[in-house]
Amino acid sequence: MERRIYLCLAHMSGNEQKYIQEAFDTNWVVPLGPNVDAFERALEDYVGCGEHRIAALSSGTAAIHLGLVMLGVKPGDEVVCQSFTFCASANPVRYLGGVPVFVDSEPGSWNMDPDLLEKAVRERIARTGKVPKAIVPVSLYGMPYQADRIMEVASRYGIPVLEDAAEGLGSKFGGRSLGTFGSYGVLSFNGNKMITTSGGGALICPDAECRSRVLFYATQARESCTYYQHESLGFNYRMSNICAGIGRGQMTVLDAHIEHHRRLYRLYRELFEHVPGIELHGNPSEEHDSNFWLNTVTVDPSLNVTGQERAYSNAPVRTGCEPNANVEALRMGLDAAGVESRPLWKPMHLQPLYDGCEAYVNGVSESLFRTGLCLPSGPCVSEEDVRYIVSVIRSLIK
């Protein structure tokens with residue numbers, strides 16, 4: 001069988017089947033039940049919620065959407081979003097008729113630049129006469145954002161923060177779990193995340209009352225009548241008891257998964273130490289404690305990689321901003337060797353979908369997109385695999 005190393009795939013603990021079978025045995029095959037309740041409590045214990053409470057939902061995107069609903073985002077409201085991220089961080093703003101305003105990254109964490117954030121907020125107030133409705137920072141590839149400085153800016157202008165920590169379960173800033181700094185926090189359990197429920201997500205809420213309101217919206221906003229009475233727009237966003245059973249099983253290996261990802265990071269760091277032109281992204285300060293959901297590298301534009309002269313010769317589509325030819329050649333060379341890799345996220349302010357949106361940029365995210373690559377980092381990736389991946393990269397450098 002041909003060898004293939006994937007970027008990040010889920011790995012079962014062996015305990016999932018027990019909870020799934022319990023759901024079938026007790027006929028709890030619905031979007032509520034004992035597994036959902038237990039999974040939510042386990043997550044609360046894990047992230048150290050305090051007064052916070054967690055609502056398990058159908059996806060991380062649903063969690064972002066409901067977080068914005070809870071923050072009162074309405075048509076025409078501006079929401080300050082991180083540009084360097086996956087589209088699911090910004091799309092829910094559009095679901096509600098809101099207007100994303102994009103802010104570029106700072107070089108250390110690759111996440112929202114606090115200084116640029118403050119500039120954006122000041123200019124939006126000056127231009128529109130209104131304070132942005134929310135701020136949405138993202139823990140890109142599991143790396144924490146500068147939570148203290150972002151919260152300081154948000155507090156100064158009275159703007160609530162919705163933390164998109166979809167990739168950051170287990171990551172901390174200053175010893176505190178991501179998702180617990182702002183008004184609401186988002187987690188994801190997609191099939192490629194630190195743990196999975198096959199699909200699924202969660203919204204970290206400030207208290208039990210807010211959680212109850214979130215669940216009201218997540219279950220079609222049905223009023224508490226004996227018949228179906230609807231006075232608000234609701235959604236079908238609750239997590240199923242079956243998926244939550246998978247999540248309960250996954251919680252038993254969460255710490256092991258995080259340690260595995262961090263061990264792979266340390267090995268990548270050791271092996272790349274003397275590879276010219278390849279720089280592995282690591283924690284920029286002692287306060288940053290990444291789960292290293294994905295290990296990422298940047299490739300020096302001057303590095304000569306085998307095949308870069310024909311990197312885009314067979315590309316079906318070309319765009320105005322794409323990874324450098326040597327990055328694409330590296331991706332192609334890894335693929336030919338049975339290794340999945342992927343470019344970094346293309347910034348939202350460069351996406352045709354968001355053409356015309358206000359953006360406060362400094363060139364950081366565009367530079368990272370042109371030079372960056374994600375490497376296999378999941379629980380199914382072994383140390384032997386990492387050594388093989390780095391050896392392939394070495395062989396492709398001229």
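Only heavy atoms go into these numbers, but all of them, side chains included; no hydrogens, no water, no symmetry mates.
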With a 4.0 Å cut-off, would you call Arg156 and Glu118 a salt bridge? yes
Could you give me the CA-CA distance, side-chain angles and deciding distance for Glu366 and Arg370, then say whether salt bridge (charged side-chain N to carboxylate O under 4.0 Å, His left out) is met? CA-CA 6 Å; Glu366 180 174 350; Arg370 291 183 184 277; 2.9 Å; yes
With sequence neighbours excluded, tell me which residues meet salt bridge (Lys or Arg N to Asp or Glu O under 4.0 Å) with Asp289. Arg262
Under 3.5 Å, is there a donor-acceptor pair between the side chain of Thr252 and the main chain of Gly249? yes
Please report the C-alpha distance between Asn111 and Gln82 in whole Å, then the side-chain angles of each, then the deciding distance to 0.1 Å, and finally whether the side chain to side chain donor-acceptor pair (under 3.5 Å) criterion is met. CA-CA 7 Å; Asn111 293 316; Gln82 184 165 311; 3.1 Å; yes
Determine whether Tyr237 and Leu203 fall in the same hydrophobic cluster, where Ile, Leu, Val, Met, Phe, Trp and Tyr are linked whenever their side-chain heavy atoms lie under 4.5 Å apart. yes
Heavy-atom pair of closest approach, residues Ile54 and Ala202: CG2-CB, 3.8 Å
Decide yes or no for Lys193 and Leu187: does some side-chain heavy atom of the first lie under 4.5 Å from some side-chain heavy atom of the second? no
Would Arg222 and Phe216 count as a cation-pi pair here, with the cationic atom under 6.0 angstrom from the ring centre and within 45° of the axis? no
Quickly, which of Val136, Val103, Leu140, Val153 forms a side chain to side chain contact (heavy atoms under 4.5 Å, CB included) with Met112? Name it, please. Val103
Kindly say whether Asp77 contributes a backbone atom to a donor-acceptor pair with the side chain of Lys130 at under 3.5 angstrom? no
Taking side chain to side chain contact (heavy atoms under 4.5 Å, CB included) as the criterion, tell me which of Val138, Thr85, Thr298 meets it with Trp110. Thr298
Taking the side chain as every heavy atom from C-beta outward, state whether Leu66 and Phe235 have any pair of such atoms under 4.5 Å apart. yes
If you apply the rule side chain to side chain contact (heavy atoms under 4.5 Å, CB included), what do you find for Leu334 with Ile393, and how did you get there? CA-CA 7 Å; Leu334 285 165; Ile393 291 174; 3.9 Å; yes
Taking the side chain as everything from C-beta on, heavy atoms only, tell me whether Glu163 gets closer than 4.5 Å to Tyr184. no
Considering only heavy atoms from C-beta outward, does the side chain of Val361 approach that of His349 to under 4.5 Å? yes
Check for me whether the distance between the ring centres of His261 and Phe292 falls short of 6.0 Å. no
Checking Glu358 against Arg127 for the salt bridge (charged side-chain N to carboxylate O under 4.0 Å, His left out) test, could you report, in this order, the C-alpha distance in whole Å, the side-chain angles of both residues, the deciding distance, and whether it holds? CA-CA 11 Å; Glu358 293 288 345; Arg127 291 189 190 180; 3.3 Å; yes
Check this for me, if you would: do Glu384 and Arg387 make a salt bridge, where the nitrogen-to-carboxylate-oxygen distance has to be below 4.0 angstrom? no
Sidechain-backbone polar pair: Asp37 side chain, Pro34 backbone, donor-acceptor under 3.5 Å: no
Begin with the C-alpha distance, continue with both residues' side-chain angles, and end with the deciding distance and a verdict on side chain to side chain contact (heavy atoms under 4.5 Å, CB included) for Ile278 and Val275. CA-CA 6 Å; Ile278 303 291; Val275 179; 3.8 Å; yes
Looking only at the side chains, is there a donor atom on one of Asn190 and Ser188 sitting less than 3.5 Å from an acceptor on the other? no
Do Ile258 and Trp293 have side chains that get closer than 4.5 Å, going by heavy atoms? no
Would Tyr354 and Arg94 count as having a side-chain donor-acceptor pair, cut-off 3.5 Å? no
For Cys357 and Phe102 the tightest heavy-atom approach is CB-CE1, 4.0 Å
Between Arg342 and Asp335, is the closest basic N to carboxylate O distance under 4.0 Å? no
Would you find a donor on one side and an acceptor on the other, under 3.5 Å apart, between the side chain of Asn192 and the backbone of Cys8? no
Quick check on the hydrophobic clustering: are Leu350 and Trp345 connected, directly or via other members, by side-chain heavy-atom contacts under 4.5 Å? no
In terms of side-chain geometry, is the basic nitrogen of Arg263 or Glu383 positioned less than 4.0 Å from the acidic oxygen of its partner? yes
Between Arg266 and Glu270, is there a side-chain N and carboxylate O pair less than 4.0 Å apart? no
Do the ring centers of Tyr141 and His281 come within less than 6.0 Å of each other? no
Can you find a pair of side-chain heavy atoms, one from Ile159 and one from Val80, that are under 4.5 Å apart? no
May I ask you to test the Phe24-Ile242 pair for a side-chain heavy-atom distance under 4.5 Å? yes
Can a salt bridge be assigned to the pair Arg211 and Glu40 using a cut-off of 4.0 Å between side-chain N and carboxylate O? yes
Mark yes or no for whether Asn35, through its side chain, and Asn241, through its backbone, hold a donor-acceptor pair below 3.5 Å. yes
At their closest point, which heavy atom of Gly98 faces which heavy atom of Val73, and how far apart are they? CA-CG1, 4.4 Å
Minimum heavy-atom distance between Val186 and Gly60, given as atom pair plus value: CG1-O, 3.6 Å
Main-chain N/O of Met143 paired to Ser171 side chain as donor or acceptor, under 3.5 Å: no
Whether Glu106 and Arg149 form a salt bridge (side-chain N of Lys/Arg under 4.0 Å from carboxylate O of Asp/Glu) is what I want to check. no
For the pair Ser177 (side chain) and Val47 (backbone), establish whether a donor and an acceptor sit closer than 3.5 Å, ignoring hydrogens and angles. yes
Considering only NZ, NE, NH1 and NH2 on the basic side and carboxylate oxygens on the acidic side, decide whether Arg41 and Glu44 come within less than 4.0 Å. yes
Any donor-acceptor pair under 3.5 Å linking the side chain of Asn236 with the backbone of Gln220? no
Electrostatic pair Arg248-Glu16, nearest N-O below 4.0 angstrom: no
Of the non-hydrogen atoms in Ile135 and Ala154, which two are nearest, and what is the gap between them? CD1-CB, 3.9 Å
Any donor-acceptor N/O pair, Gln229 side chain to Glu223 backbone, under 3.5 Å: no
Leu344 side chain reached by Thr296 side chain, heavy atoms, under 4.5 Å: yes
Between Ser155 and Met151, is there a donor-acceptor pair closer than 3.5 Å when you use the side chain of the first and the backbone of the second? no
In sequence, state the C-alpha distance, the side-chain angles, and the governing distance for Tyr46 and Asp255, and then conclude on side chain to side chain donor-acceptor pair (under 3.5 Å). CA-CA 10 Å; Tyr46 190 85; Asp255 283 329; 2.8 Å; yes
Neighbour count >12 (heavy atoms, 6.0 Å) for atom NZ, Lys346: yes
Donor-acceptor pairs are to be reported for all side-chain atoms of residues 305-318 against protein atoms at under 3.5 Å, with residues two or more places apart or in another chain.
from: Thr306; atom 1: OG1; to: Leu396; atom 2: O; distance (Å): 3.2
from: Gln308; atom 1: OE1; to: Val305; atom 2: N; distance (Å): 2.6
from: Tyr312; atom 1: OH; to: Pro323; atom 2: O; distance (Å): 2.6
from: Ser313; atom 1: OG; to: Arg310; atom 2: O; distance (Å): 2.9
from: Arg318; atom 1: NE; to: Glu322; atom 2: OE1; distance (Å): 3.2
from: Arg318; atom 1: NE; to: Glu322; atom 2: OE2; distance (Å): 2.8
from: Arg318; atom 1: NH2; to: Glu322; atom 2: OE2; distance (Å): 2.4

Taking atom types as modelled, is there a side-chain donor on Ser105 or Asp113 under 3.5 Å from an acceptor on the other? no
Are Asp104 and Ser365 linked by a side-chain donor-acceptor pair shorter than 3.5 Å? yes
Smallest heavy-atom separation, Phe86 atom then Met348 atom, equals C-CE, 4.1 Å
Please work out whether the ring planes of His257 and His11 are parallel, tilted or perpendicular, with thresholds of 30° and 60°. perpendicular
